[in-house]
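Numbering of ligands and ligand atoms starts at 1, following listing order. Note: hydrogens, waters and symmetry copies are ignored here, and every other heavy atom, side chains too, is used.
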Amino acid sequence: MLAAGEGTRMRSARPKVMHEIAGRSLLAHVLDAVTAAGCGRTAVVIGPDAAPVAAEAQRIVPGAEIFLQAERRGTAHAVLAARSAIARRADDLLVVFADTPLVRPQTLSRMRAAIGGGAAVAVLGFRPRHPLGYGRLVLEGGELVAIREEVDANAAEQAIGLCNGGLMGFAGATALAILDRIGSDNRKNEFYLTDAVAIARAMHLKAVVIETEEDDVRGVNTKAQLAESEAALQQRLRQAAMEAGVTLVAPETVFLSADTKFGRDVVVEPFVVFGPGVTVDDNAVIHSFTYMERSHVGKRALVGPFARLRPGAQLGEDVHIGNFVEIKESTIEAGAKANHLAYIGDARLGAGANFGAGAIVCNYDGVGKYRTDIGKGAFIGSNAALVSPVKVGDGAYVATGSVITHDVPPDALALARSRQVVKENRAGRLRAVKAAAKKKNPATE
Ligand code: UD1
Ligand code: CA
């Protein structure tokens, strides 16, 4: 895997391959595809100052070996930075670019199969709508004889529509012999990996093309291309979700993450965003304009419209979370409800409990964060404020507008608000006082 991409055209302080689509880095997408294609060992070639890239690679593939290409002298030079890994002569060796995040495992498997079938080199070919910038695949009598980089190609070669996707496979037994013969005699004075084809031919070895669709090799060099890859991946993810039985009412408005997981008969209304780490169980309904990340939604739960599930929101079965409700790091047990305008953070809401409109958990005092525990079947009245750490027992009742600072025992009623005062017939007098004050000073309008 070559991950030494310079990020300058991204206009970003972040390494290019650390940019994300569908909630994961470009690097992670490619490493996942490589793993899914059954590759046993992974070597990642990085550039100088790419420590975050190395860390990400090892997070995704814990045994990944990291190699440093100190100087950028071409794709073959980069591959040879991993010489000791190549020298182990695996059955087959795939060279993939970390900036082509949409490559599918089945495409990599086809390349491996070609090597297994006797080819020394397998090249991933495609027919781009605009071939500008790609190496051209030169065929003679149906056989691949060379790859010509655009800058080195003559007019006839430039007219070739079949291009090099960049990803290549090698037979492990001959890979190093081929790579070591690659020179830098070309317009850019670089060691081109693509020269491997002509060299293999000269060694009487077979080189083949595996043709695929453009998405597989779609590269990311700019923020605009990042967005194009995101769009293409979203299409794939929506398609897969619908094939698995999810109802997406308006699929083009729903944004998924690569790891979003759905049960059966889930309904997702228009304009819902799934950040990373969300699982939704059978028959749940996600209403419009809901935003979720690192959360779990239980069976038959109803979420939204306009709900926000932040990391650690765990909703049990039959839970109802309504509009403008935010939940963070909290477990909402089976059948509990928070239907309107609420914040629940660092808390447990027991089974069947009701969390009223406008009620909130005050989990943060500006210094520390504390837990709140609300028992089974408890009732939290509207506009209550539960000041953490605090416990409300099973079946307890917190009156509307209460500020709860002490634990409430099970089945107790807690009132923590000032008493109402009523003054008969005083409304008229109050209005008269106010009117006189306004006449004296009209600026108080
Ligand atoms: C390469 C292919 C070209 C193909 C195109 C597909 C070569 C010589 N050319 O061209 O035929 O059509 O991909 O996208 O292989 N890299 C390093 N170190 C280096 C040079 C490159 O790590 O010294 C990495 C890059 O970061 C990138 C990958 O190798 O991940 C490809 O390099 P790039 O310069 O983008 O190659 P292209 O000119 O696009
Ligand atoms: Ca490129």
Side-chain angles (χ1 to χ4, degrees), residues 1-10 15-19 25-27 29-31 34 43-50 53-54 57 66-82 94-103 107 121-138 144 146-153 157-158 160-170 178-179 182-199 207 209-222 225-226 228-229:
M1 150 107 32
L2 305 190
E6 83 279 51
T8 48
R9 287 181 66 199
M10 298 292 274
K16 176 165 78 174
V17 300
M18 294 299 288
H19 284 75
S25 67
L26 303 180
L27 178 67
H29 284 285
V30 181
L31 286 172
V34 162
V44 180
V45 178
I46 62 171
D49 308 323
V53 177
I66 308 295
F67 295 91
L68 180 72
Q69 185 197 21
E71 244 188 310
R72 239 185 123 76
R73 299 189 59 198
T75 43
H77 181 261
V79 171
L80 281 169
L94 289 182
V95 177
V96 295
F97 297 164
D99 65 353
T100 55
L102 301 187
V103 66
T107 305
V121 180
V123 174
L124 193 59
F126 73 117
R127 296 177 188 277
R129 257 168 297 167
H130 311 290
L132 200 74
Y134 291 109
R136 307 299 205 278
L137 301 187
V138 183
L144 179 63
I147 305 177
R148 193 76 66 230
E149 287 308 293
E150 186 167 69
V151 289
D152 304 305
E157 288 165 342
Q158 287 201 13
I160 297 172
L162 187 60
C163 290
N164 176 23
L167 283 62
M168 288 172 78
F170 291 88
I178 295 172
L179 292 168
I182 294 176
S184 59
D185 181 18
N186 51 53
R187 294 273 288 266
K188 287 166 93 178
N189 282 322
E190 280 191 358
F191 293 87
Y192 288 162
L193 185 62
T194 44
D195 284 351
V197 169
I199 291 167
V209 184
I210 304 292
E211 203 174 323
T212 188
E213 53 197 69
E214 188 165 5
D215 268 352
D216 257 326
V217 294
R218 199 186 272 281
V220 174
N221 295 312
T222 62
Q225 288 172 339
L226 185 71
E228 284 167 20
S229 290

Next on the checklist: As an exercise, identify every atom of ligand 1 less than 4.0 angstrom from a heavy atom of Gly135.
Outcome noted: 3 (C), 4 (C), 11 (O), 12 (O)
Item to check | Nearest non-hydrogen partners of Asp215 and Leu102, listed with the distance | outcome: O-CB, 3.2 Å
Checklist outcome for this item: So the atoms of ligand 1 within less than 4.0 Å of a heavy atom of Gly165 turn out to be 6 (C), 14 (O)
Checklist entry - With a cut-off of 4.0 Å, which atoms of ligand 1 are near a heavy atom of Thr75? => result 7 (C), 8 (C), 15 (O), 20 (C), 21 (C), 29 (O), 31 (C), 32 (O)
Next on the checklist: Does any N or O of ligand 1 fall below 3.5 Å from an N or O anywhere on Ala3, backbone included?
Outcome noted: no
Item to check | Pairwise distance CG(Leu193) to CG(Leu179) - rounded to 0.5 angstrom | outcome: 6.5 Å
Checklist entry - Taking both backbone and side-chain atoms of Ala78, is any N or O found less than 3.5 Å from an N or O belonging to ligand 1? => result no
Checklist entry - Could Glu190 and Arg72 be called an ion pair, given the rule that one side-chain N must be under 4.0 Å from one carboxylate O? => result no
Next on the checklist: Does any part of the side chain of Leu27, heavy atoms only, come nearer than 4.5 Å to the side chain of Leu31, both counted from C-beta?
Outcome noted: yes
Checklist entry - With a 4.0 Å cut-off on heavy atoms, does His77 reach ligand 1? => result no
Checklist outcome for this item: In this structure, OG1 of Thr100 is separated from CG of Leu26 (nearest 0.5 Å) by 9.0 Å
Item to check | Shortest reach to atom 20 (C) of ligand 1 by a heavy atom, considering only Ala196, Ala76, Gly74 | outcome: Gly74
Item to check | Any side-chain heavy-atom pair of Val79 and Val45 under 4.5 Å | outcome: no
Next on the checklist: Which of the numbered atoms in ligand 1 are under 4.0 angstrom from any heavy atom belonging to Arg73?
Outcome noted: 23 (O)
Checklist entry - Out of Arg72, Glu149, Glu190, whose heavy atom sits nearest atom 34 (O) of ligand 1? => result Arg72
Next on the checklist: With the threshold set at under 4.0 angstrom, would you say Thr194 reaches ligand 1 through any of its heavy atoms?
Outcome noted: yes
Checklist entry - Considering distance alone, does some N or O of Lys188 sit under 3.5 Å from an N or O of ligand 1? => result no
Checklist entry - Are any of the side-chain heavy atoms of Leu137 and Leu144 separated by less than 4.5 Å? => result yes
Next on the checklist: Using heavy atoms and a 4.0 Å limit, tell me yes or no: is Cys163 in contact with ligand 1?
Outcome noted: no
Checklist entry - Considering distance alone, does some N or O of Tyr192 sit under 3.5 Å from an N or O of ligand 1? => result no
Next on the checklist: Can you check which of Gln69, Met168, Glu71 brings a heavy atom nearest to atom 17 (C) of ligand 1?
Outcome noted: Gln69
Checklist entry - Who pairs with Thr194 by side chain to side chain contact (heavy atoms under 4.5 Å, CB included), at least two apart in sequence or on another chain? => result Ile147, Glu149, Asn164, Tyr192
Checklist entry - With a 4.5 Å limit on heavy-atom distance, are the side chains of Ser25 and His19 in contact? => result no
